[in-house]
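Letters go in sequence order (proteins before strands), and every chain restarts at 1.
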Amino acid sequence: AQKVTQAQTEISVVEKEDVTLDCVYETRDTTYYLFWYKQPPSGELVFLIRRNSFDEQNEISGRYSWNFQKSTSSFNFTITASQVVDSAVYFCALSVLMNTGFQKLVFGTGTRLLVSP
Amino acid sequence: DTEVTQTPKHLVMGMTNKKSLKCEQHMGHRAMYWYKQKAKKPPELMFVYSYEKLSINESVPSRFSPECPNSSLLNLHLHALQPEDSALYLCASSQEEGSNWNTEAFFGQGTRLTVV
């Protein structure tokens, strides 16, 4: 089965705390992409990062960082010094190759992050 | 311009109505998508168009009818919907990358549909 598991349904933190959102995936493909998207209350999905399965380097972008570990099939996302504006639902997603040659996104169930002042 | 624009933002329709959702992008992307997202659930793929042709239909009921009039526009025609079809409908677009489609999709804000 090809699926994404985000075990944390909801996380509440106080501003300036660090928070890590977990993502575990299963796939039979040898080449795949992993993504994180942010969905604020306004509804749109905001792309945060795409990671190729052959690139296990961790990535940092400002207060955001991602830890990709193929050995444990995990792609965790850390927000450092969280802010109220980080409050949103965060989705981890896996690209799945379809027989048409397209790759579709399979999303995890999402983690709702609440950052209070 | 890195936007995907969807109209309307909200729609309430009766089960006998016919309505359409519209999506527009001007990024030159040649793949466009419809996703359905129920409350507190992740988005689920419905349709994919590439080069204005329907490439993927994820076994969506015929009461949902997609249309791609040109490379910038994507419509979703709705007819005889059920209350359980109430959801957020998201449009997305992406760019071709080599022999694969770059699934770094750009999403619109969605149309929140309520069927009464």
Between L34(A) and L45(A), is there a shared hydrophobic cluster once you connect ILVMFWY residues whose side-chain heavy atoms come closer than 4.5 Å? no

Rounded at 0.5 Å granularity, tell me how far OG1 in T109(A) sits from NZ in K40(B). 12.5 Å

Are any non-hydrogen side-chain atoms of P43(B) and F91(A) less than 4.5 angstrom apart? yes

Measure E58(B) against the heavy atoms of chain A and call it side chain, backbone, both or neither at under 4.5 Å. side chain

So how far is it from E44(A) CD to E3(B) CD, rounded to the nearest 0.5 Å? 9.5 Å

Taken to the nearest 0.5 Å, the spacing of L105(A) CG from L45(B) CG works out to 8.0 Å

Considering non-hydrogen atoms only, spot the tightest contact between P42(B) and G108(A) and give its length. CB-O, 3.0 Å

For atom NZ of K70(A), decide whether the heavy atoms of other residues, nucleotides or ligands shown that lie under 6.0 angstrom number more than 12. yes

Does any heavy atom of chain B fall under 4.5 Å from the side chain of Q39(A), the backbone, both, or neither of them? side chain

L21(A) and Y37(A): same hydrophobic cluster, using ILVMFWY side-chain contacts below 4.5 Å? no

More than 12 non-hydrogen atoms from neighbouring residues, nucleotides or ligands closer than 6.0 Å to CD on E44(B), yes or no? no

Under a 4.5 Å heavy-atom cut-off, does chain A meet the side chain of Q6(B), its backbone, both or neither? neither

Hey, do the aromatic rings of F107(B) and F47(A) have their centres closer than 6.0 Å? no

Separation between NZ (K41(B)) and CZ (F107(A)), nearest 0.5 Å, reads 15.0 Å

Highest number of heavy-atom pairs under 4.5 Å with chain A among S55(B), A92(B), G110(B) belongs to S55(B)

